Amino acid sequence: MIRVTLPDGSVREYPKGSTGLEIAAQISEGLARNVLAAKVNGVVQDATRPIDTDATVQLLTWNDPEGKATFWHSSAHLLAEALESLYPGVKFGIGPAIETGFYYDVDLNGQHFSQDDFRKVEDKMLELARQKNAYVRKPVGKADAIAYFEEKGDPYKIDLLQGLEDGSITFYTQGGFTDLCRGPHIPNTGFIKAARLMNVAGAYWRGDEKNKMLTRIYAVTFPKQKELDDYLHLLEEAKKRDHRKLGKELDLFAFSEKVGQGLPLWLPKGALVRERLENFLRRAQVRAGYQPVVTPHIGSKQLYVTSGHWEKYGKDSFQPIHTPDEDEEFLLKPMNCPHHCEIYKTKPRSYRDLPLRLAEFGTVYRYEQSGELHGLTRVRGFTQDDAHIFCRPDQVKDEFMKVIDLVLYVFKSLGFNDYSAQVSLRDPENREKYIGSDELWERAESAIIEAAAEKGLTTVMELGEAAFYGPKLDFMVRDALGRKWQLGTIQVDYNLPNRFELEYVGADNQKHRPVMIHRAPFGSMERFIAILIENTAGNFPLWLSPDQIAILPISEKYEDYANDLFFALQEHDIRGFVDLRDEKIGRKIRDAEVNKVPYMLIVGEKEQADGTISVRRKGGAATGQGGDLGSMSVDAFVALFQQEVKL
RNA sequence: GCCUUCUUAGCUCAGUGGUAGAGCACUUCCUUGGUAAGGAAGAGGUCGUCGGUUCAAAUCCGAUAGAAGGCUCCA
């Protein structure tokens, strides 16, 4: 007998060699029907594998992330089986579970595959699933494994096998399909009740541009049809929040082929949101001791040779602009820091001057590969809410922590609660990608880690995510479709001060080198606003709304009263418009709702007679929030409005 | 940059070889209406661009530009 400890702490005895499934069956029939895998002493394994020793056992179901991952991984095998039967000669790369669903990288041997083929594959998957084929695990020797795939003619699996150690290799077979796999898997294919192929994409074998591009098929499966329906509905809802869609609908920004891809045009309403955000940060920065500076959009090539940007990014950047007569070379500025270094150098600095905090909403231009551009989140011209703090080495940690406070203040003010803090470190395998000595890097990395720890931030470490001149603390946020984007960033830099030979005179009357902190709480105005749009579904907080009020006269008879009201509210810095169209009130309300105007002020005979306004808050019948707030005096509305703006 | 897909009116989309359609938006007229779409009429497109096949191309083929989803990249 073996002693099994369950998650609730209870200990039960089972015959040696019992499986997770058998343990589940003894607990309840329902559980046995839902067990996807078993976590034995912390290791997830097949629920059908015998347990031979005393162990802590957790039975994993769809409700456990690891259960889901197992389910989707097994689904990837099912997808492969379906593909193999429909596309003879298909070769397989890798097929892992991902955050939502799974994919399989396949080489279709030149056969065409597109969305039109999805249905066929889905049907095949479900047909195979209904056979309830067991996933059978089988250890296999390396030589035998290679022989198997050689005979099958699958070079990718052989490539994978080369990297594996003999003795640790297992095959899994379900139905007529056998794959190299470490597992674990669900008991049988019958658990898979709903399947949907999501999209196809190209993916380089092993993620290397030099390798052949395989076809990556993304799909998702569920144990119930309803869960698939719910998931698809969720996706539809998320699409409605897409900033590209809302940006068009709400007239915030646009792109033009003539202007060029990745170069956003800010329309009046979008520009207003952006200006409000900038002013919000400007005020916060004045309080935090920053000084605004302004620098040009281009700089001589020499500036970037000095900074190292030319060497690192020169050939992958917009190429230099040449002057017609002297043949001077200028670069569109890809970063503001070199310019700010030169501002630092305009006069000798004393240790008493530090920290010097130079801030600029600096517009930069970067050549991004065309396939990478994405709405406002990845563009070729964007404005950073940039600042560089020049400080003494003993001030680094304190300054860094102050910047963390500023970033968190900005996020909190805008309701960004769902972010993750990422410490972006150097890739130790590729040190040549970075400039600066190991010692300076270690100092910078430990400064960031310490400061983040002292601020009590929960951080994740990411190797290889650092900038080429220094490590970063990045604040990551997700968009409507769950993709992660970097917003705020703080970077400690010991390298650029060296390259620009920045100095200050210390208390000891000796020359010393300052340390730079690069930081941008928003990151870029473009990306920040994109995420803000998706987070709020276009329902900006009142202080950011392009139109805060819409004055809706019942008929043209009340036009004068409406206009007088508009001017009176303008005196209180309230933005909006009067809807003078020859339309009924219901229509005017609808249009204001659709345009997400926070307050509708309805004026007709009654209001004119009483000198009042009827106030309607956005989000009426359709959402169950907001609606008619009744009539009130203008002063009462102004008070209500100003209280909300202050929040 | 690479892979797959897409591009028809301002917007959302129908139209798969035989001289361009709908809804919304827009313009004009009627209507003066009380909390999410009042009515009528009108105007608007060389079907992204260039080339080819064909008696005939929005439709088939090629190139090119944009866009979407990935991959690689991201100072």
Side-chain angles (χ1 to χ4, degrees), chain A residues 103 105 108 112-117 198-218 239 242 244-245 248-249 251 254-258 260-262 304 307-310 312-314 316-317 333-338 364 366-375 377-378 380 384 433-435 465-470 472 481 483 485-486 489 491 493 496 518 552-559 582-594 600-607 614-623 626-631:
Chain A
Y103 65 79
D105 283 349
L108 285 160
H112 184 79
F113 189 79
S114 73
Q115 287 197 358
D116 303 335
D117 306 300
M198 302 307 289
N199 50 51
V200 273
Y204 302 107
W205 172 238
R206 289 183 176 267
D208 189 333
E209 269 180 294
K210 292 181 211 72
N211 287 340
K212 178 161 182 182
M213 182 163 275
L214 305 180
T215 304
R216 177 168 297 177
I217 300 171
Y218 286 90
K239 276 190 192 144
D242 191 314
R244 293 166 300 185
K245 181 175 156 68
K248 195 182 274 184
E249 287 172 1
D251 288 323
F255 290 90
S256 150
E257 276 186 39
K258 274 219 176 69
Q261 56 177 347
Y304 301 101
S307 71
H309 290 96
W310 175 252
K312 174 83 180 164
Y313 292 105
D316 300 320
S317 295
K333 92 174 157 187
M335 289 199 84
N336 303 299
C337 33
V364 297
R366 297 178 183 175
Y367 173 75
E368 304 286 0
Q369 297 186 64
S370 60
E372 262 316 310
L373 300 171
H374 181 93
T377 49
R378 192 81 186 272
R380 286 179 169 170
Q384 296 178 312
K433 278 169 63 183
Y434 308 92
I435 59 171
E465 292 292 313
F468 75 97
Y469 50 76
K472 311 188 286 179
L481 289 171
R483 292 175 290 219
W485 297 94
Q486 175 203 310
T489 179
Q491 312 170 6
D493 181 2
L496 282 188
H518 309 239
L552 313 179
I554 296 290
S555 83
E556 70 189 30
K557 283 188 256 175
Y558 315 105
E559 191 176 322
D582 183 10
E583 294 289 352
K584 289 189 176 183
I585 194 65
R587 176 52 176 273
K588 292 182 182 181
I589 287 171
R590 181 185 148 79
D591 288 346
E593 289 279 357
V594 166
M600 285 150 271
L601 309 179
I602 292 143
V603 292
E605 187 179 359
K606 191 154 50 82
E607 289 76 13
S614 279
V615 179
R616 180 190 163 96
R617 173 81 220 197
K618 170 181 68 180
T623 63
D628 193 351
L629 302 185
S631 68

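Here the structure is a predicted model, which is why all the values come from computation and not from measurement. Each chain gets a letter, A, B and so on, in the order the sequences are listed, and its residues count up from 1.
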- prompt: Considering only the P atoms, how many Å lie between B:C3 and B:C55, rounded to the nearest integer?
  reply: 34 Å
query: Atom CG of A:L373 to atom P of B:C71: distance rounded to whole Å?
result: 15 Å
field: Complement of B:G44, any strand, by Watson-Crick or G-U distances under 3.5 angstrom
entry: none
message: Strictly by Watson-Crick or wobble contacts shorter than 3.5 Å, is anything paired with B:G23, and which nucleotide is it?
response: B:C11
message: Under a 3.5 Å cut-off for both contacts, is B:G66 paired Watson-Crick or G-U wobble with anything, and if yes, with which nucleotide?
response: B:C6
query: Where the side chain of A:R616 is concerned, which of B:G34, B:C3, B:U35 is the nearest nucleotide?
result: B:U35
field: Closest listed nucleotide, where the reference is the side chain of A:A201 and the choices are B:C73, B:G38, B:G70
entry: B:G70
task: Measure from the side chain of A:Y218, starting at C-beta and using heavy atoms only, and say which of B:A65, B:C71, B:C73 lies closest.
output: B:C71
message: Strictly below 4.0 Å, N to O, side chains only: are A:R244 and A:D242 in salt-bridge contact?
response: yes
task: Kindly say whether A:K433 contributes a backbone atom to a donor-acceptor pair with the side chain of A:K312 at under 3.5 angstrom?
output: yes
field: Of the listed nucleotides B:U4, B:G38, B:G70, the one nearest the side chain of A:V200
entry: B:U4
field: Residue mapping more 5' on RNA chain B - nearest nucleotide basis, A:G630 or A:C337
entry: A:G630
Between B:U59 and B:A20 - C1' atom distance, rounded Å: 12 Å
- prompt: Picking from B:U12, B:C71, B:G69, which would you name as closest to the side chain of A:R244?
  reply: B:G69
task: Calculate the interatomic distance between A:H374 atom NE2 and B:G66 atom P; express it in whole Å.
output: 17 Å
query: Of the nucleotides B:A36, B:A67, B:G70, which has the atom closest to the A:Q261 side chain?
result: B:A67
field: Watson-Crick or G-U wobble mate for B:U16, both contacts under 3.5 Å
entry: none
A:R483 side chain near B:G69 phosphate (N/O to OP1/OP2, under 4.0 Å): yes
message: Of the listed nucleotides (B:G69, B:C74, B:U35), which one gets closest to any side-chain atom of A:D628?
response: B:U35
message: Roughly how many Å apart are B:A14 and B:C47, using the C1' atom of each and rounding to a whole number?
response: 13 Å
query: Paired with B:A58: which nucleotide, if any, by Watson-Crick or G-U wobble criteria at under 3.5 Å for both distances?
result: none
- prompt: Where the side chain of A:S114 is defined as all heavy atoms beyond and including C-beta, which of B:U4, B:G34, B:U35 is the nearest nucleotide?
  reply: B:U4
- request: Please tell me which of the listed nucleotides, B:U35, B:U32, B:C74, lies nearest to the side chain of A:E556?
  value: B:U32
task: Using heavy atoms to find the nearest nucleotide of RNA chain B for A:S555 and A:E209 separately, return the residue whose nucleotide is more 5′.
output: A:S555
task: To the nearest 0.5 angstrom, please state how far the OH atom of A:Y304 sits from the NZ atom of A:K333.
output: 7.0 Å
query: Does B:C29 have a Watson-Crick or wobble mate here (both distances under 3.5 Å), and if so which one?
result: B:G39
message: Is A:S370 close enough to B:G1 that one of its side-chain N or O atoms is under 4.0 Å from OP1 or OP2 there?
response: yes
- prompt: If the C1' atom of B:A9 is compared with that of B:A63, how far apart are they to the nearest Å?
  reply: 27 Å
statement: Winner on side-chain proximity to A:K248, out of B:A65, B:U35, B:C11, is B:C11
